[in-house]
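Notes for the one structure printed next.
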Amino acid sequence: MSTTNTATTPPTSGPGLTKSAPAPSASSGGPGSRAVPAAGTDEGRIGLRANLRHIGALVRRNALQIKQDPESMFDVLLMPIIFTLLFVYVFGGSVGASLGGSREDYVNYVVPGLMAMMGMNISMAVGSGVNDDFRKGVMDRFRTMPIARSSVLIAKIVVEIGRMLVAIAILLGMGFLLGMEIKTSVLDLGAAIGLSLAFGASLMWIFILLGLTMKTAQAVQGVAMLVLMPMQFGSSIFAPPSTMPGWLQAFTDYNPLSNLADAARNLINGGPVAHSVWMTLAWAAAITAVTAPLAVAKFRKKS
């Protein structure tokens, strides 16, 4: 799984950012001294409009980094194509038959589920990128600037949401090429996409916190994979839970990825959506409410 690091050299000035104070020299604090954050970086002293300007400037900067390093988009461009072809042509015949149809019917089952998978896989890249930025000293420079601490992390999430949107667009394009049909409406399809983006954004806070906690990017990836694999395959993304043993069905029922996959699937194919949609939104809100403050606090204190 490729990772994306969208920060290498922080800006010292630009739209929405004021020029940072110069870092203390070696003579002022010794060779091993760290840069002291500039005054006024407390988020409580920064207004909403200024905070939005900072986020916008950092989003533009991170987007330019992607433009300068187009290889960082390979996972977004290729992962939807590979996964769609792999699952449709490996599992499509058998699982499609168990659904009472064919491989073409399985396309309409698995593609909405893969929308949930895309968000989780892309979210993992955020944690690895944050961890790598700290090792390179990029985040230390950001923390010397008069900007809100959360704006650095929010800007990363905004850019990753854009990458996720590209991945979902390619995934849906592959689905249509393989025979997927929208059996409801374009508005319902848009709701499924929006729900996937909202849940994916909440997962990014988990991986940011993980990236701020672990010592290396490899450790972040290793722990993330231990979480990703059972969450993805122990869900209704690839196969209906009715074919699973009882103990696994119990896990699947409480798996938030199953709620998201079922919500997206029913929004596209038709069916009851209220329970799965509200459960997905509740999970996204709860994850964000718990992990976002912890991530920002860890970002402030991390040395």
Does Arg265 reach the main-chain N or O of Tyr109 with its side chain, forming a donor-acceptor pair under 3.5 Å?
-> yes
Check for a donor-acceptor pair, side chain of Asn266 on one end and backbone N or O of Pro272 on the other, with a separation under 3.5 Å.
-> yes
Report the C-alpha separation of Leu172 and Leu189 in whole Å, then their side-chain angles, then the decisive distance to 0.1 Å, and conclude whether the side chain to side chain contact (heavy atoms under 4.5 Å, CB included) test is met.
-> CA-CA 10 Å; Leu172 292 174; Leu189 174 62; 4.0 Å; yes
Do Gln232 and Asn121 have side-chain atoms, one donor and one acceptor, less than 3.5 Å apart?
-> yes
Before giving the answer on side chain to side chain contact (heavy atoms under 4.5 Å, CB included), spell out for Asn269 and Glu181 the whole-Å C-alpha distance, their side-chain angles and the decisive distance to 0.1 Å.
-> CA-CA 8 Å; Asn269 298 329; Glu181 299 177 356; over 6 Å; no
Within the side chain of Gln249, is there an N or O that forms a donor-acceptor pair under 3.5 Å with the backbone of Pro241?
-> yes
Between Asn131 (side chain) and Val220 (backbone), is there a donor-acceptor pair under 3.5 Å?
-> no
With distance as the sole test, does Thr184 use its side chain to make a donor-acceptor pair with the main-chain N or O of Leu267 at under 3.5 Å?
-> yes
Leu64, Met73: one ILVMFWY side-chain cluster at the under-4.5 Å cut-off?
-> no
Can you see which heavy atom on Leu195 is nearest to which on Ala263, and at what distance?
-> CD2-CB, 3.5 Å
For Ser236, side chain to side chain donor-acceptor pair (under 3.5 Å) partners two or more places apart = Asp262
Assign the ring pair Phe87 / Phe238 to parallel, tilted or perpendicular, where the plane angle (0 to 90°) is split at 30° and 60°.
-> parallel
ILVMFWY network linking Phe251 to Tyr254, side-chain heavy atoms under 4.5 angstrom = no
Going by an N to O cut-off under 4.0 Å, is there a salt bridge joining Asp188 and Lys183?
-> no
Side-chain heavy-atom pair Val227, Met124 within 4.5 angstrom cut-off | no
Is the backbone N or O of Asn51 less than 3.5 Å from a side-chain atom of Ser151, with the two atoms forming a donor-acceptor pair by type?
-> no
Hphob cluster co-occupancy, Met229 + Phe83, side-chain heavy atoms under 4.5 angstrom = yes
Should side-chain heavy atoms under 4.5 Å link Ile, Leu, Val, Met, Phe, Trp and Tyr, which residues sit in the same cluster as Leu294?
-> Leu209, Val290
Report whether Val186 and Leu171 are members of the same hydrophobic cluster (ILVMFWY, side-chain heavy atoms less than 4.5 Å apart, transitive linking).
-> no
Do side-chain atoms of Thr288 reach the backbone of Ala285 as a donor and acceptor pair under 3.5 angstrom?
-> no
Please tell me if the side chains of Arg103 and Tyr89 come closer than 4.5 Å, counting only heavy atoms from C-beta onward.
-> yes
Would you say Met231 and Pro256 make side-chain contact, with heavy atoms under 4.5 Å?
-> yes
Counting distance only, does the side-chain N/O of Thr84 pair as donor-acceptor with the main-chain N or O of Ile81 below 3.5 Å?
-> no
Can you check side chain to side chain contact (heavy atoms under 4.5 Å, CB included) on Met164 and Met204, steps first, answer last?
-> CA-CA 11 Å; Met164 194 187 307; Met204 291 178 195; 3.2 Å; yes
